[in-house]
Structure formats: C-alpha cells, structure tokens
**Q** 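Can you read through this structure? Questions will come right after.
Just so it is clear: chains get the letters A, B, ... in the order the sequence lines come, proteins before strands, and each one is counted from 1. If you're wondering where the values come from, they're calculated on a predicted model, not measured in any experiment.
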Amino acid sequence: MMLDFLARRLLVALLVCATVLTFAFVLTRLGGDLAISIAGPNATAADIAQVRVAYGLDRPMPVQFLEWVGRAATGDFGQSFFFKEKVSKLIFDRLPITFALGLVGLSLALSVALPLGIVAALRENSWVDRAISIVALFGQAMPSFWLGLILMIGLGLHLGWLPISGTGSWEHFVMPGIVLAFSAIPALLRLTRAGMIDAMASDYIRTARAKGLSRSSIVLKHAARNAAMPVVSIAAVQLGFMLGGSIVIETVFALHGVGFLAWESISKNDFPTVQAVVLLLACIYILLTLGADLLNAVLDPRLRAS
Amino acid sequence: MRALRNAGLVTGALIVGAAVAIALFAPLLVPHDPFAQDLSRRLIPPFWMEGARAGHPLGTDQLGRDYLSRLIYGARISMLIGIATTIASGLIGIALGVAGGFFGGRVDDAVLFAITARLSIPLILVALAIVSVVGSSLTVVVMTLGLLLWDRFAVVARVATMQVRNLDYVAAAWAAGCSKGRIVLREILPNILSPLAVVATLEVALAILLEAALSFLGLGVPPPLPSWGLMIAEGKDYMFFSPWVIMIPGVALFIVVFGINLLGDGLRDLLRTGRVA
C-alpha cells in the first residue's frame, strides 16, 4: 500500500519534471530566431549565420531538444552566453544565497504566523481575530518590491540600521527576508488558524478538557501540535514559492542569488541560464512537494488510502 | 461581529467601485494630459510639502508629467489588466476544472497533472522570460498572466463540479435525456458560480500585483504608459531625496489590492454563511 503510493507519487513527479523540461525549452524558442537576439542589434547576416552554427541552432529542433535534454539530465546546462562560464557553476555558486534568503524568510514568516494564527483561533470571531485577519490582508496587498524600497528608505537611509543593498554580510539578508516573509505570512496564518479551530473542536480536546488538564497544556501540547502538521507541509510548498518569488526581491536588493542571476540572464538574452534556472526552481518545488506529501502520508495513514 | 464583517465587505466594495469609476472616467477626471512632458517643471512635490505648486496637487514626475493625471490613468491600466487577465485565466481554469470534475477518470488525471505541472513552474520568472522574448505590451502581459494564473480556478471548479455532479437535479437532467454539453452549461456551471466569483475577485488582485511587479522590473507594460509599477520603477532613482515619487503610486496600488481582497473575503464569508442558513 505504502510502496504503491510511493511509486505513483514518484512517477507523477518525474512526469512533471519532463513536462517542465519541455516547457523550458519551448519557452526560449518563443521569440523566433535565437541567433538574431544573441548576435545583437548591430550584427550582419554573416554574423548571425556564424552564431547559428556556433551554438548549434542550425540543426533541426528535435535534435536540439534531445541534445539539451540529454545533457540537462547529467547536470550539464552548457555555457552561459553572457557570463562566459558554465551555467551549472554559475547557479551552484549562487544557490546558497537564495536558500539562505528563503530560510530567513520562512523562519520569520512562521514565527509571526504560528502565534498569531493560534491566538486568532482561540479568540475566534472576536475583535482580536478580526484584527489578525486584517494583518493577513495587509500582507496580501503589499507589493513586495514596494515594501522593499520603503524598508530601504526607512531602515537603511533614515535609521541607518541595515545596509541598503548588496550581499556582503548577514545584515544584507534581514530586509529581503522581512519582505519575503510578508508574502508568505497570509497563507500560513490562515492555515494555522483554520487548523487550530478544527483541532480545538475535536474529540481528543474534549477528552483532555474532561481530564481536567490546564488550558495552556491543552492548547500547546494537544491542539497546537496537531494544527501544526499541515502548516509544516504547506511551509515546504511555501518555501518553493518563495525561492521562485525571490527573483523580484533579489533584484530590488541587488542580492546576488539565483533570482538575481535569472533576472540578469533574462535581460541579457542568456537563454541557457534562463532555461536552467526555470528547470532548477521547478525541480526544487517538485522535490519539496514530494517530501511534504510523503511526510503527510507517514504522519497520517488515512491519506495513503485515497 | 456580523456588522464588522459587513463593514469589510462594504469598504471593499466602495474601494473597488471607486477604482472602477476612476478607471472608466479617467479622461474626464485628469487635470492634465498624463503624457505631456514639461522639463521646466520636473519633480514638483505634492501639495502637503514645501515647494508645491497650484495645478499639480500630487506634483510632477522626473519628466514634468502631472502625477495625479498619471495616477488616474494608472488605475485604468491596473483594472484593465486585472479584469482581462482574470477573464482569460478563468476561461482556461474553469474549462479544465469542470472537465476534470465532470468526466473523472483519465480526464481528471490529466487535469490534475496539468495543475501540478503549472504549480511547479516558477510564476514570475517564466512571466518575465516570456515577456522578454515576445516583447512587452499590454496584450502580451494579459496573455502571459492569463496563461499562467488559471490554477486556482481549475482547483475550485473541479471540486465544486464533483460536489454538484451527483446531486438530484443533475440526475433529473440525465433522466430527461439532456446532452452532456447541456448538463454542463445549464445545470453545473450556474451552480458553481459563487465559489468561482470569489476566486475571480482574488485573481484580479493577484494579476494587478503581478503586473506591477513585471512593470517595475521593466518587463511589463512599456513606457510611456502610466502603470503604477512602472511609475515606481521610474521614481526609484529619486526615492532617497523625494520619497513621495514611490509612495504615491505604491499607496494607490496597495489600497486597490487591499480593497479587492477585502471584497473577495467578504463575499466568501457571505456565501459560506448563506450556505449554512
């Protein structure tokens, strides 16, 4: 049963990977002749022809596609046009920064969303609950790039607490982390609240009450632990979204992670790098959701059956 | 609490109504031509600051264009993108979701797969890449976002269709010999519209935010169109000396998106309590 579930889930993950692989290839071919955009605006017809041969763009599409897939499967994404370096090395060098940003953002988001969600659930429909739901709406409506600029003006320029942009030290991750957390707080907050309301209404909480346990013990030991389970698995998914969404934030703060790399390569028509980043972020997301699903299946046997 | 909840709904509706009205009647409301440059009147501050001038209540931008007029036309672009994108993504998502929920089996597997694949694709990155490859214009932004934002529609339409599919009135329609097409269009769609309306509201807000982010990064709506995101991007170089250049369009963006979400949440609560009653 468990093995069956595992196999099916893995197969789907692989198929999604293959779909994204195809998608990433088609994506960069949407604009017509790549050789023209690589050669630049001042290129002659001879230059373009030369570029076409040099990058193998003269061969039939299916051949180009299969070659790309074959190499991508072994982790070789070719040479970057703009940075004159191997794409895999470029990405590998910058991945730690994006992961660090994602983790800072996620921990900040969880440390705000979990307590607020629990409090909102315990005071369901009170003014506290309403106020907290307004906080969630605030986070949802805040354009992340704009919040970033405002923090730069406030915390960076006027108060001088934090560096405005760049990658040098841990302080450089604080403002981008806050901005990233803002985008994840609403979803996590709502989920915690809903999970906590369900948990508090369940039979085992009634039993715990009947046993005469203290309120704090009921809330923290029994309800919160059960409410946290779906939140943790969503947090994994949210981390995937955050890594994808970090492109805007990294660009605003000139934080040289994978998102910034993606932004640079998009603006320089560096399509091997764009393809590789799309594929990488998609694969990370697929792995995270796979992990979350498996974790849920282990924790909750009911899910395996369906 | 009931009153508070309704207050949210009413506030949201008022904000959205005002934004739509401003967008519709923009040409009648603007004090100046939003595209007219006047380099002798660059970066005039808004009325609450020193150095403000009559005739430019919100000041002027770095090219001397009237900021209030650009802000008003910006509402037009935001609402247009939000609504057009939602129509495009709604058509795709609802078609997929209803097909999956109605037919089940292999069709449903395919729909679920499409949703999973779509969610694994990094949204902003791919949108930026498409706009950069195809070229930036209003239409390209709407098409790109429309092709990417259908997932929530599909998820909700699929589940709602499954719930409705086995109800008595659908069985009655089958028994009466109605065709599949007729059952979907006449029996199923009208009965799943309310949850979809909530999704549509929230999608409008998301599309507006995404357009602003794309335009801010220079791969959304092209200049000289006054998109709020683009206005923030253009003001960025001056923000440390004149923070109001980025504050004004940012606040407008925030208020509109906040209002739409307030409306969406209010609608959801209303429908939920309506169903229980």
Side-chain angles (χ1 to χ4, degrees), chain A residues 12-13 15-17 19-20 23-24 27-32 37 125-127 129-130 133-134 136-138 140-147 149-150 152-153 156-157 164 186 237 240-241 243-245 247-248 251-252 259 262-263 265-267 269 271 274-275 277-278 281-283 285-286 289, chain B residues 1-2 4-5 7-8 12 109 112-114 116-126 128-135 202 205-206 208-210 212-214 216-219 228-229 232-233 235-236 239-241 243 246-247 249-251 253-262 264-265:
Chain A
V12 171
L15 281 175
V16 174
C17 268
T19 312
V20 177
F23 177 80
L27 178 67
T28 49
R29 263 75 177 174
L30 280 176
S37 38
N125 288 329
S126 70
W127 66 271
D129 186 20
R130 288 305 292 171
S133 79
I134 300 270
L137 277 174
F138 240 77
Q140 228 170 6
M142 188 70 82
S144 59
F145 61 94
W146 185 61
L147 178 64
L149 297 179
I150 289 177
M152 279 160 109
I153 297 175
L157 181 78
I164 285 173
V237 178
F241 282 132
L243 294 177
I247 181 166
V248 178
T251 309
V252 169
W263 161 242
S265 46
I266 285 174
S267 41
N269 275 320
F271 81 89
V274 179
Q275 277 174 339
V277 177
V278 170
L281 289 176
C283 286
Y285 176 83
I286 293 167
T289 46
Chain B
M1 270 318 99
R2 184 92 210 179
L4 245 181
R5 190 162 286 163
D109 287 345
L112 267 183
F113 182 79
T116 317
R118 157 54 204 93
L119 284 175
S120 68
I121 288 170
L123 183 65
I124 298 182
L125 174 54
V126 166
L128 283 171
I130 294 179
V131 176
S132 136
V133 173
V134 181
L202 300 174
L206 185 61
I208 289 177
L209 276 182
L210 281 173
L214 294 183
F216 174 75
L217 292 175
L219 287 170
W228 291 338
I232 296 175
K236 209 182 101 193
M239 69 174 193
F240 289 125
F241 306 103
I246 67 154
M247 288 310 287
V251 168
L253 192 57
F254 175 80
I255 290 176
V256 168
V257 174
F258 187 73
I260 299 173
N261 283 335
L262 216 50
D265 276 12

**Q** Quick check for you: among A:V278, A:I286, A:T289, which has the greatest number of heavy-atom pairs under 4.5 Å with chain B?
**A** A:V278

**Q** Against chain B, label A:L15 side chain, backbone, both or neither, depending on which of its atoms sit under 4.5 Å from a heavy atom there.
**A** both

**Q** Among B:I130, B:L219, B:L119, B:V257, which has the most heavy-atom pairs under 4.5 Å with chain A?
**A** B:L119

**Q** If I measure from the heavy atoms of chain B, does A:V252 come under 4.5 Å with its side chain, its backbone, both, or neither?
**A** side chain

**Q** For B:A205, is it the side chain, the backbone, both, or neither that has a heavy atom closer than 4.5 Å to a heavy atom of chain A?
**A** neither

**Q** Check each atom of A:V20 against the heavy atoms of chain B and say whether the ones under 4.5 Å are side chain, backbone, both or neither.
**A** side chain

**Q** Out of A:V274, A:I247, A:V12, A:L137, which one racks up the most heavy-atom pairs below 4.5 Å with chain B?
**A** A:L137

**Q** Below 4.5 Å, heavy-atom pairs only: which of B:L214, B:N261, B:I124, B:L262 has the largest tally toward chain A?
**A** B:N261

**Q** Below 4.5 Å from any heavy atom of chain B, which atoms of A:I153 appear? Answer side chain, backbone, both or neither.
**A** both

**Q** Nearest 0.5 angstrom please: B:I232 CD1 to B:M247 CE, how far?
**A** 9.5 Å

**Q** What's the verdict on side-chain contact (heavy atoms from CB on, under 4.5 Å) for A:L27 and A:F271, showing C-alpha distance, side-chain angles and the deciding distance?
**A** CA-CA 9 Å; A:L27 178 67; A:F271 81 89; over 6 Å; no

**Q** As an exercise: rank A:C17, A:P143, A:G244 by heavy-atom pairs under 4.5 Å with chain B and give me the winner.
**A** A:P143

**Q** Work out which heavy atom in B:L217 is nearest to a heavy atom in A:T251; give both atom names and the distance.
**A** CD2-CG2, 3.7 Å

**Q** For residues B:G264 and B:L202, report the shortest heavy-atom separation together with the two atoms involved.
**A** CA-CD2, 4.2 Å

**Q** Of all heavy-atom pairs between B:P249 and B:W228, which one has the smallest distance, and what is that distance?
**A** CB-O, 3.8 Å

**Q** Based on non-hydrogen pairs under 4.5 Å, which of B:F113, B:F254, B:F240 is most in contact with chain A?
**A** B:F254

**Q** Using 0.5 Å steps for rounding, measure from the CG atom of B:L253 to the CZ atom of A:F145.
**A** 5.5 Å

**Q** If you take all heavy atoms of B:L209 and A:Q140, which pair is closest and at what distance?
**A** CD1-O, 3.4 Å

**Q** Using a 4.5 angstrom heavy-atom cutoff, name the option from A:A262, A:C283, A:A282, A:G259 with the most pairs to chain B.
**A** A:A282

**Q** Please work out whether the ring planes of B:F258 and A:F138 are parallel, tilted or perpendicular, with thresholds of 30° and 60°.
**A** perpendicular

